[in-house]
Amino acid sequence: MTTEATDPHPNANGEPMISLQHLYKGFGGKPVLKDMSIDIDRGESVVIVGGSGTGKSVTIKHIIGLLRPDRGHVIVEGEDISTMSPVELNRFRRHFGMAFQEGALFDSMSVFENIAFPLRRHTKMTEAEITARVEECLEQVHLHGVDRKRPSELSGGMRRRVGFARAISLKPQILLFDEPTTGLDPVISDVVADLIVEMDRTLNTTTVTITHDMKVAFKIADRVAMLFDGQIVEQGTPEVFQRSTNPIVRQFIEGRAEGPLTEEP
Ligand SMILES: Nc1ncnc2c1ncn2[C@@H]1O[C@H](COP(=O)(O)OP(=O)(O)OP(=O)(O)O)[C@@H](O)[C@H]1O
Ligand SMILES: [Mg+2]
């Protein structure tokens with residue numbers, strides 16, 4: 001059912017940035033990904049949507065090597081990360097900036113120390129260089145005057161921004177967002193979605209976002225892909241996706257209770 005023809009980013013000049021090839025992954029005998037494939041081009045912003053428990057987070061965890069496929073390959077920048085050793089993976093993860101829901105910030109540390117953390121861990125930057133880089137990152141997410149505060153003192157939207165600032169601190173080429181707006185009100189969700197668009201453009205990253213929120217998806221995606229029953233069942237530009245006649249996509253976009261999504265796959 002995959003609509004190859006609607007892919008707006010044909011790989012005219014070489015390999016995709018991220019290539020998930022025929023991934024199979026199950027837990028305790030229950031298959032989650034079943035021959036799942038998608039290519040994501042350099043600079044592209046892809047949003048993966050799908051129902052709860054369909055394997056969206058599992059997919060993103062494969063991209064950063066937190067999970068290994070039972071079968072298939074995860075190729076990032078031409079390297080197969082599904083077979084890398086833990087040491088190689090650790091080095092490779094510097095390509096990625098990852099922001100989870102709620103930011104997964106350290107509450108015992110200030111905002112400054114949260115953003116400085118990857119720099120202290122992975123670089124030999126001096127204190128002055130770290131300070132300058134943290135400032136730059138805070139600037140990028142439009143946060144001012146909060147570096148001495150604890151994450152718990154900030155609003156939900158501001159905590160997301162801190163999470164984003166930390167995700168970009170090592171200047172990754174790939175940004176991954178898992179449910180970046182979940183739990184935020186519609187207005188702040190929209191502001192956070194705008195920020196993702198801005199970061200994707202100004203930092204020139206390849207961006208993969210997972211969300212339930214179709215408004216957010218349509219705003220930030222060059223391409224929306226829908227995961228259902230372990231596979232990408234539809235993909236295309238927001239315009240094309242919105243016009244899809246696939247009953248699974250229609251039910252999801254329209255948020256209806258009746259339809260193929262309601263049945264357990
Ligand atoms: N480490 C794990 N061990 C066992 N089962 C897992 C593990 N990770 C995920 N699963 C299972 O795989 C399925 C897909 O999980 P996943 O977290 O990817 O869903 P999701 O699409 O991100 O859903 P949600 O929208 O609720 O975040 C679920 O049934 C989940 O219970
Ligand atoms: Mg998830």
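Each ligand, and each atom within it, is numbered from 1 in the order the structure gives.
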Electrostatic pair E153:R159 at N-O distance under 4.0 angstrom: no
Just which atoms of ligand 1 are under 4.0 Å from any heavy atom in H212? 25 (O)
Take atom 5 (N) of ligand 1 and look for protein heavy atoms under 4.0 Å from it; say yes if you find one, no if not. yes
Applying side-chain hydrogen bond (donor to acceptor under 3.5 Å, both in side chains), run through Q140 and T202 and close with a yes or a no. CA-CA 9 Å; Q140 178 69 48; T202 59; 3.0 Å; yes
I'd like to know: is the Mg ion (ligand 2) within the 2.8 Å range of an N/O/S atom from S52, strictly under that distance? no
Kindly state whether the ring of F177 and the ring of F164 have centres lying under 6.0 angstrom apart. yes
Residue, atom and distance of the protein heavy atom nearest atom 15 (O) of ligand 1 read V58 CG2, 3.8 Å
Would you say G51 touches ligand 1, if touching means a heavy atom closer than 4.0 Å? yes
Please name the pair of heavy atoms, one in P31 and one in K34, separated by the smallest distance, quoted to 0.1 Å. CB-CG, 4.0 Å
Among all protein non-hydrogen atoms, which one is nearest to atom 25 (O) of ligand 1, and what is the separation to 0.1 Å? K56 NZ, 2.7 Å
Would a 4.5 Å heavy-atom cut-off, applied to side chains only, mark R68 and V74 as touching? no
Among all protein heavy atoms, pick the one closest to atom 12 (O) of ligand 1 and tell me residue, atom and distance. V32 CG2, 3.4 Å
I want to check a possible cation-pi pair here: R166 against F117, using under 6.0 Å from ring centre and within 45° of the ring axis as the test. no
Within the structure, is a non-hydrogen atom of K30 found at a distance of less than 4.0 Å from ligand 1? yes
Does L66 belong to the same Ile/Leu/Val/Met/Phe/Trp/Tyr cluster as M98, with side-chain heavy atoms less than 4.5 Å apart forming each link? yes
Identify, for atom 23 (O) of ligand 1, the protein heavy atom at the shortest distance, and state residue, atom and that distance. G53 N, 2.7 Å
Protein heavy atom at shortest distance from atom 8 (N) of ligand 1: F27 CZ, 3.6 Å
Exercise check, heavy-atom protein proximity under 4.0 Å to atom 30 (C) of ligand 1: no
Please state whether the rings of F96 and F92 are parallel, tilted or perpendicular, taking 30° and 60° as the class boundaries. perpendicular
Write out the residue and atom name of the closest protein heavy atom to atom 27 (O) of ligand 1, then the distance separating them to 0.1 Å. S57 OG, 4.0 Å
